[in-house]
Number of protein chains: 2
Amino acid sequence: MYYRIGEIEKKMQISIDTLRYYEKIGLICPERDTNNRRLYSGADVAWLEFIFRLKQTHMPLKEIKKYAELRKQGDETIAKRIDLLEEQRTRLTQEKMTIDACLSYLETKIAHYKTDLIKKECSQSE
Amino acid sequence: MYYRIGEIEKKMQISIDTLRYYEKIGLICPERDTNNRRLYSGADVAWLEFIFRLKQTHMPLKEIKKYAELRKQGDETIAKRIDLLEEQRTRLTQEKMTIDACLSYLETKIAHYKTDLIKKECSQSE
DNA sequence: ATAATAGCTGGAGTGTAGTCCATGTCAAGA
DNA sequence: TCTTGACATGGACTACACTCCAGCTATTAT
């Protein structure tokens with residue numbers, strides 16, 4: 001099953017321009033039909049989904065590209081790819097901790113503001 | 001207690017250029033000494049810490065600036081500030097879920113690659 | 001036959017968040 | 001007095017990740 005660029009745009013949340021940009025920087029390389037139009041395979045779709053996930057979690061395209069390069073080089077690079085994925089796992093675990101720290105900071109701040117608000121209301125009703 | 005820009009740079013992980021940039025876009029407005037040099041108060045430091053946290057969790061400077069504007073306008077805006085902080089809390093909770101989804105995706109992928117590696121080793125030892 | 005639709009290319013432009021640089025001022029130490 | 005160090009300013013430059021545009025081609029619908 002193949003998809004054309006417009007179908008991919010609708011299927012996933014990636015604009016045609018972005019898809020072409022990703023190709024330009026070497027992230028993805030779909031086949032072409034006889035009229036030179038891009039044909040994205042099921043494997044391409046899976047890869048785009050992966051890219052999408054990595055981007056959602058703030059991996060820069062440069063990093064994603066490293067992984068893409070390894071994919072292109074074939075099975076010899078599987079060990080290296082595992083390394084990259086494990087690094088990313090570590091980063092994400094770290095990031096969750098950062099978020100938790102920020103969340104508790106927010107809670108404290110919100111709580112402070114709320115008591116400020118109550119004080120204000122009291123003084124106004126005097 | 002006041003700090004000069006070089007001290008702030010060392011104290012926190014923010015370069016002098018970035019500190020001046022933040023001032024330019026109106027995020028922070030330190031006092032000045034008689035020689036026009038910036039003097040950051042303890043409150044400024046606390047505010048920079050807050051900015052740092054928000055940035056760590058990917059809030060764009062524009063959003064941070066909204067909050068900064070409300071701060072400048074004084075106590076009347078506390079309710080609005082609570083709204084912003086609660087929105088951010090929602091976003092971060094959401095983001096944790098995104099990260100978890102990506103993490104389980106990574107686990108699956110790593111597991112697949114590892115079985116691939118084992119297969120490869122077996123076929124090589126034949 | 002013609003017009004609309006979907007695609008192509010190369011290249012320019014945009015927004016975000018800095019980062020760098022030339023030039024200048026001021027205070028303190030040798 | 002002279003130099004060094006820390007600061008100031010305005011403005012140019014950069015990296016990243018798109019986004020837009022002009023001009024072209026091929027397929028489909030009327």
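Sequence lines set the chain letters: A, B, ... in the order given, protein chains first and strands last, and positions in each chain run from 1.
Rounded to whole Å, atom P of D/dA15 lies 23 Å from atom NE2 of A/His58. Atom-to-atom, CD1 of A/Ile64 to P of D/dA17 comes out at 8 Å; the value is rounded to the nearest Å. Atom NZ of A/Lys10 and atom P of C/dA6 are 6 Å apart (whole Å). At whole-Å resolution of the value, CD1 in B/Ile16 and C1' in D/dG5 are 11 Å apart. A/Leu27 places its CG atom 9 Å from the P atom of D/dA17, with the value rounded to the nearest Å. Rounded to a whole Å, the OH atom of B/Tyr3 is 19 Å from the P atom of D/dA6. A/Ile25 places its CD1 atom 10 Å from the C1' atom of D/dC18, with the value rounded to the nearest Å. Straight-line distance from the CD1 atom of B/Ile5 to the C1' atom of D/dA6: 11 Å, rounded to whole Å.
Applying the side chain to side chain contact (heavy atoms under 4.5 Å, CB included) rule to B/Lys80 yields the partners B/Leu70; only residues at least two apart in sequence or on another chain are considered. Applying the side chain to side chain contact (heavy atoms under 4.5 Å, CB included) rule to A/Arg4 yields the partners A/Glu7, A/Arg37, A/Leu39; only residues at least two apart in sequence or on another chain are considered. Here A/His58 pairs with A/Glu95, B/His58, B/Glu95 under the side chain to side chain contact (heavy atoms under 4.5 Å, CB included) rule; sequence neighbours left out. Partners of A/Tyr105 by ring pair (Phe, Tyr, Trp, His ring centres under 6.0 Å), not counting sequence neighbours, listed by chain and number: B/Phe50. Evaluation of the salt bridge (Lys or Arg N to Asp or Glu O under 4.0 Å) rule for B/Asp100 yields A/Lys96 as partners, not counting sequence neighbours.
Remark: B/Arg4 is not in phosphate contact with C/dC26, judged by side-chain N or O atoms under 4.0 Å from OP1 or OP2. Regarding contacts with the backbone of D/dA8, a side-chain N or O of B/Arg20 is found under 4.0 angstrom from either OP1 or OP2. For D/dT27, the OP1/OP2 oxygens have a side-chain nitrogen or oxygen of A/Asn35 closer than 4.0 Å. Distances shorter than 4.0 Å separate none of the side-chain N or O atoms of A/Asn36 from OP1 or OP2 on D/dT25. Considering only side-chain N and O atoms, A/Arg38 lies nowhere under 4.0 angstrom from the phosphate OP1 or OP2 of C/dG7.
For the residue pair B/Arg91/B/Gln88, the side-chain donor-acceptor check at 3.5 Å is satisfied.
The six-membered or imidazole ring of B/Trp47 lies near that of B/Tyr67, with a centre-to-centre distance under 6.0 Å.
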Under-3.5 Å N/O pairs linking protein and nucleotides 15-20 of chain C:
{"unit_1": "C/dT16", "atom_1": "OP1", "unit_2": "B/Lys62", "atom_2": "NZ", "d": "2.5"}
{"unit_1": "C/dA17", "atom_1": "OP1", "unit_2": "B/Leu61", "atom_2": "N", "d": "3.1"}
{"unit_1": "C/dG18", "atom_1": "OP2", "unit_2": "B/Tyr22", "atom_2": "OH", "d": "2.8"}
{"unit_1": "C/dG18", "atom_1": "OP2", "unit_2": "B/Lys55", "atom_2": "NZ", "d": "3.3"}
{"unit_1": "C/dT19", "atom_1": "OP2", "unit_2": "B/Thr18", "atom_2": "OG1", "d": "3.4"}
{"unit_1": "C/dC20", "atom_1": "N4", "unit_2": "B/Asp17", "atom_2": "OD1", "d": "3.2"}

